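Below you'll find the structure, written out as structure tokens, and then a few comments.
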Amino acid sequence: MPATPSHPDASRTRSWWGWGYADAHPDDAECIAMGALLPGTLTRPLPIPQVTDLPIARPAETPPPALAHLVTDDPQARAAHAMGKAYRDVIRALRGRPGRIPDLVARPTDDQEVADLLDWAGEHGVAVIPFGGGSSVVGGVEYRGDTHRAVLSLDLTSMNRVLEIDTTGRSARIQAGALGPALEDQLRPHGLTLRHFPQSFEFSTLGGWLATRAGGHYATGHTHIDDFVQSLHVITPAGAGTSWRLPASGAGPSPDRLFLGSEGALGVITEAWMRLQERPRHKASTSVTFTDFHQALDAVRAIAQSDLAPANCRLLDPGEALLSGASYDGSAVLILGFESATTRVDDRLTDALDLARAHGGRAGTPTTDRDAPADTAVTAWRSAFLRMPYLRDGLARMGAVVETFETAATWDKIPALIDAVRTQVSAAALKATGHPATINCRLTHVYPDGAAPYFTVAVAGRPGHELEIWDDIKAAANEVLHRHHATITHHHATGRDHRPAYDLQRPEPFTLALHAAKSALDPHHILNPGVLIG
């Protein structure tokens with residue numbers, strides 16, 4: 001069954017230098033007010049950067065006439081494709097140092113055009129950086145170095161259709177360039193959903209989720225995009241291939257697993273058959289407060305190891321709860337939520353609250369299908385969650401160093417890991433800046449055997465030295481994670497920023513296999529050079 005194509009609302013302008021929409025960024029007055037809460041920041045914000053102020057050179061390569069209609073050298077488009085949306089990217093833009101700006105931006109509309117662009121790039125030694133929504137926070141969509149004469153940003157967002165829907169098997173064949181809202185808009189008339197809602201949902205694509213093994217909003221169960229994949233169609237410089245569409249298979253190593261998380265270094269994902277779900281009709285949620293954070297960790301573990309499977313089980317430490325407006329009395333806050341397409345979930349919420357109370361939790365008033373309004377802590381957290389990246393950019397304009405990093409570890413390591421991050425990253429920030437830092441933590445995803453802590457760092461920087469400061473802080477964080485055998489990333493991919501830690505995390509035989517796969521699939525080494533392997 002074909003689906004009606006849908007396109008994202010073009011009435012708002014995306015910010016080329018920061019998160020999201022340009023009109024949603026804090027104004028100067030709000031930036032100043034935020035800066036006043038972080039002693040040592042600037043007295044007035046850095047100006048919003050303009051593309052016209054950037055040193056954008058003439059393209060070093062020109063596409064052949066047969067491909068010229070797919071390619072642009074417009075300075076605005078090139079600047080918007082030069083970086084992702086990490087703190088490093090925002091500061092570089094604010095300081096007028098964006099790094100290597102792509103020579104060209106291509107927007108193919110079908111598989112053959114992707115293949116033709118790869119063929120041309122391979123023949124001329126042009127680096128190709130696959131690009132979806134550009135929301136990478138790990139340096140995944142930029143070019144670093146000078147090995148290649150020219151750089152092409154391969155923007156797939158013109159390939160944005162849901163091509164086919166199988167309502168019997170609840171799955172759909174979807175082009176990789178579909179942004180989150182456009183994808184869901186095409187599924188909604190059929191009563192179906194992919195149910196994958198990362199914080200970047202508005203500004204990221206299916207292909208980006210697949211290439212980075214993205215994690216969604218939901219805290220338990222199917223938390224990673226991997227869980228929804230039936231089949232992938234991938235175009236590589238060595239040829240194109242499609243895995244069989246199957247509910248499961250034990251036939252050797254999975255071809256899909258080779259490309260999931262490959263970040264465009266092995267091939268370009270252009271289509272995927274994805275498992276869908278019925279849209280939820282029954283929901284229940286509330287918040288639970290704890291005076292002891294370690295007791296709250298025990299409560300979350302008990303809930304994760306039950307068979308209740310909450311959709312949301314997000315624990316905020318006291319600092320994170322204060323920042324989001326979920327609590328002002330020094331309590332940790334657990335946001336609990338359940339949903340179902342077929343049955344009411346009130347009883348599951350009740351059982352989860354019993355487990356929380358057994359570990360010292362104080363429950364708020366549950367909100368169910370029949371109730372309104374929602375729990376105030378839940379509402380405050382949800383609003384802050386969506387607004388936070390914009391506020392980070394506002395604080396960056398005030399010269400603050402504000403960034404996040406996330407990880408995952410088994411439950412036996414979680415308490416000591418969180419304590420070590422707070423202590424040692426705080427010490428590194430103080431040493432680098434001379435100012436005390438705020439280190440907040442929340443659990444974003446929980447499993448029976450472990451959890452994914454997500455840390456926020458905020459400290460006043462030194463004007464002009466923000467990148468060096470963040471590098472020092474991140475190095476300290478990486479050392480703590482490595483020492484505790486916690487992964488360098490749970491759901492933000494490796495990119496270029498996490499490469500050193502990823503090199504240490506993976507087994508050596510697997511490194512050899514990755515190098516062999518890279519050489520076989522990308523013999524000219526043009527695909528996203530610098531991610532995964534050298």
Side-chain angles (χ1 to χ4, degrees), residues 2-9 14 84-85 107-111 113-114 129-137 140-141 153-166 169-190 192-218 222-236 240-243 245 255-277 279 491-493 528:
T4 302
S6 177
H7 303 278
D9 182 5
R14 288 282 305 274
K85 302 302 182 184
R107 293 186 174 90
T109 61
D110 59 34
D111 286 356
E113 291 175 351
V114 172
I129 313 296
F131 193 99
S135 61
S136 171
V137 293
V141 294
S153 180
L154 186 68
D155 186 320
L156 297 175
T157 53
S158 292
M159 301 174 66
N160 62 2
R161 291 170 56 100
V162 174
L163 299 171
E164 189 176 353
I165 295 179
D166 171 10
R170 291 197 314 196
S171 55
R173 182 164 65 98
I174 307 169
Q175 289 183 308
L179 290 159
L183 187 160
E184 287 293 330
D185 285 349
Q186 294 175 76
L187 298 177
R188 189 171 289 105
H190 305 272
L192 297 171
T193 175
L194 181 59
R195 196 182 179 269
H196 185 77
F197 300 105
Q199 188 177 35
S200 61
F201 174 73
E202 286 183 277
F203 312 113
S204 54
T205 63
L206 173 64
W209 302 340
L210 296 167
T212 61
R213 296 185 66 197
H217 165 75
Y218 294 97
H222 298 312
T223 61
H224 275 82
I225 196 67
D226 314 33
D227 301 320
F228 302 105
V229 176
Q230 270 190 337
S231 166
L232 295 181
H233 180 71
V234 183
I235 298 175
T236 79
T242 307
S243 60
R245 181 188 167 209
D256 296 334
R257 292 284 175 177
L258 178 63
F259 294 103
L260 287 168
S262 64
E263 301 187 48
L266 303 179
V268 181
I269 300 169
T270 61
E271 288 181 15
W273 272 98
M274 304 298 296
R275 299 181 177 94
L276 306 177
Q277 301 174 56
R279 304 188 74 82
H491 59 263
H492 278 161
N528 216 4

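Quick caveat, the model's predicted, so the values are computed rather than measured. Reckoned from all heavy atoms, side chains included, excluding hydrogens, waters and symmetry mates.
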Quick check: does any side chain N or O of [X] sit under 3.5 Å from a backbone N or O of [Y], one acting as donor and the other as acceptor?
| X | Y | answer |
| --- | --- | --- |
| R279 | L187 | no |
| D111 | I235 | no |
| N528 | P130 | no |
| S231 | S243 | yes |
| E184 | T193 | no |

Flag the pair [X] / [Y] as yes when at least one side-chain heavy-atom distance between them is below 4.5 Å, and no otherwise.
| X | Y | answer |
| --- | --- | --- |
| L260 | L232 | yes |
| Q199 | V137 | no |
| L163 | I174 | no |
| S171 | R245 | yes |
| Q186 | N160 | no |
| H491 | T223 | no |
| L194 | L206 | yes |

For this session: If the plane angle is over 60° it's perpendicular, under 30° parallel, otherwise tilted; pick one for W209 and H196.
Result: tilted

Problem set entry | Within residues 172-183 or reaching into it, pairs that qualify as salt bridge (Lys or Arg N to Asp or Glu O under 4.0 Å) - sequence neighbours excluded | E164-R173, R173-E271

Problem set entry | Pairs flagged by salt bridge (Lys or Arg N to Asp or Glu O under 4.0 Å) wherever residues 196-205 is involved - sequence neighbours left out | none

Exercise. Less than 4.0 Å between a side-chain N and a carboxylate O, is that true for R275 and D227?
Worked result: no

For this session: Let me see the working for L156 and I269 under side-chain contact (heavy atoms from CB on, under 4.5 Å), right down to the final yes or no.
Result: CA-CA 10 Å; L156 297 175; I269 300 169; over 6 Å; no

For this session: Determine, step by step, whether V114 and M159 satisfy the side-chain contact (heavy atoms from CB on, under 4.5 Å) criterion, reporting the C-alpha distance in whole Å, the side-chain angles of both residues, the deciding distance to 0.1 Å, and the verdict.
Result: CA-CA 10 Å; V114 172; M159 301 174 66; 4.0 Å; yes

For this session: Quick one: do L266 and F259 satisfy side-chain contact (heavy atoms from CB on, under 4.5 Å)? Show the steps, please.
Result: CA-CA 7 Å; L266 303 179; F259 294 103; 4.0 Å; yes

Exercise. Between T236 and V268, does a side-chain contact (heavy atoms from CB on, under 4.5 Å) hold up when you go through it step by step?
Worked result: CA-CA 6 Å; T236 79; V268 181; over 6 Å; no

